[in-house]
Every structure is written in C-alpha cells, then in structure tokens.
Amino acid sequence: MKLKDGIVTNSIDGESFAIATGKAAKEFNGLVKNNPSAAFIFELLKCEQTEDSIVNAMMEKYDVDEATVRADVKELIDLLKSKKLIED
C-alpha cells in the first residue's frame, strides 16, 4: 500500500500535515494534521509498504512494544483507507 498520487505532506512551524491535490482532492477535500508518529508513517507511505514493514520501522524508531505499535498502525491505516488516501 502507499499514499495515492496527489497526497502531499509538509511541515510548517513544527506542524506536520497532509493534503490532497489534483485528482485525489476529488475524493478527499481536507487537511490531515499529523502527530510525529503519524507524520513518520505518512513519509513511509510515499513508497510501497506493508503493514509489517511500517510496524518494523516504527519499532526501530520508537521504544515501544510490538502490540502497541501494531494496534496504532492498524488504526491509522484503517482511517487512511476509509478516507481513500492510500491505495492497496
């Protein structure tokens, strides 16, 4: 899975966000404000990823147990799918 074409991420004054542009804006019209871990996941999703690859990257970056990371990653992935921001 990866972010759909047209999903742009950026950071301004320490705030990370993602917006849909072009064709992606037809399916999602809004702004996603990300905390640091969500911003990291968005960056990972610029390239093809699996849920496991995201979990592994998160565990390398953050000192947290796998069960917690897996639950958080699944929650975010499910949300992004429901908003049509990622493609399988």
Side-chain angles (χ1 to χ4, degrees):
M1 76 189 100
K2 69 177 198 157
L3 288 175
K4 283 190 172 182
D5 288 338
I7 304 299
V8 178
T9 62
N10 206 336
S11 181
I12 298 176
D13 290 334
E15 299 288 333
S16 296
F17 61 90
I19 59 170
T21 63
K23 291 180 183 179
K26 292 178 182 177
E27 292 184 330
F28 179 79
N29 187 12
L31 173 99
V32 178
K33 185 176 174 188
N34 292 317
N35 64 23
S37 58
F40 180 67
I41 292 171
F42 266 79
E43 290 304 311
L44 292 172
L45 285 168
K46 288 182 177 181
C47 299
E48 188 68 33
Q49 299 289 328
T50 64
E51 192 169 315
D52 286 339
S53 68
I54 295 169
V55 167
N56 290 334
M58 292 288 289
M59 288 174 52
E60 286 180 22
K61 184 169 179 73
Y62 299 100
D63 183 27
V64 66
D65 65 281
E66 183 176 352
T68 301
V69 170
R70 192 164 295 282
D72 290 348
V73 167
K74 181 171 179 18
E75 181 179 354
L76 180 59
I77 296 298
D78 288 347
L79 176 66
L80 296 178
K81 285 181 179 178
S82 75
K83 301 296 182 187
K84 300 181 179 169
L85 296 175
I86 57 175
E87 50 193 36
D88 288 320

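When all heavy atoms are compared, the tightest approach of Lys4 to Lys84 is CD-O, 3.3 Å. Smallest separation of non-hydrogen atoms from Val64 and Met59: O-CG, 4.3 Å. Between Ala57 and Leu44, the shortest heavy-atom distance links the atoms CB-CD1, 3.7 Å.
The shortest distance between side-chain heavy atoms of Phe28 and Ile7 does not fall below 4.5 Å. Side-chain contact between Ile41 and Asn34: absent, with no pair of heavy atoms (C-beta onward) separated by less than 4.5 Å. Put simply, the side chain of Leu45 does not reach to within 4.5 Å of the side chain of Leu85, judged on heavy atoms.
With rounding to the nearest 0.5 angstrom, the CG atom of Leu79 is 12.0 Å from the NZ atom of Lys74. With rounding to the nearest 0.5 angstrom, the CZ atom of Phe40 is 9.5 Å from the CD1 atom of Ile54. One finds the CD atom of Gln49 at 10.0 Å from the CG atom of Leu3 (value rounded to the nearest 0.5 Å). In this structure, CD1 on Ile19 lies 10.0 Å from CG on Asn29, to the nearest 0.5 angstrom. Atom-to-atom distance recorded for Ile77:CD1 and Glu51:CD is 6.5 Å, nearest 0.5 angstrom.
For Asp65, the CG atom sits in a packed shell: over 12 heavy atoms of surrounding residues, nucleotides or ligands are nearer than 6.0 Å. Surrounding CD of Glu48 are more than 12 heavy atoms belonging to other residues, nucleotides or ligands, all under 6.0 Å away.
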Could you walk me through whether Arg70 and Met58 pass side-chain contact (heavy atoms from CB on, under 4.5 Å), step by step? CA-CA 9 Å; Arg70 192 164 295 282; Met58 292 288 289; over 6 Å; no

Could you walk me through whether Lys46 and Thr9 satisfy the side-chain contact (heavy atoms from CB on, under 4.5 Å) test, starting with their C-alpha distance in whole Å, then the side-chain angles of each, then the deciding distance to 0.1 Å, before giving a yes or no? CA-CA 9 Å; Lys46 288 182 177 181; Thr9 62; 2.8 Å; yes

Take Glu87 and Lys2 through the test side-chain contact (heavy atoms from CB on, under 4.5 Å) and record every step on the way to the result. CA-CA 6 Å; Glu87 50 193 36; Lys2 69 177 198 157; 3.6 Å; yes

Please report the C-alpha distance between Leu80 and Val32 in whole Å, then the side-chain angles of each, then the deciding distance to 0.1 Å, and finally whether the side-chain contact (heavy atoms from CB on, under 4.5 Å) criterion is met. CA-CA 10 Å; Leu80 296 178; Val32 178; 5.5 Å; no

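Checking side-chain atoms of Thr21 against main-chain N and O of Gly6 turns up a donor-acceptor pair under 3.5 Å.
Judged by distance alone, the side chains of Asp52 and Thr50 never bring a donor and an acceptor atom under 3.5 Å apart.
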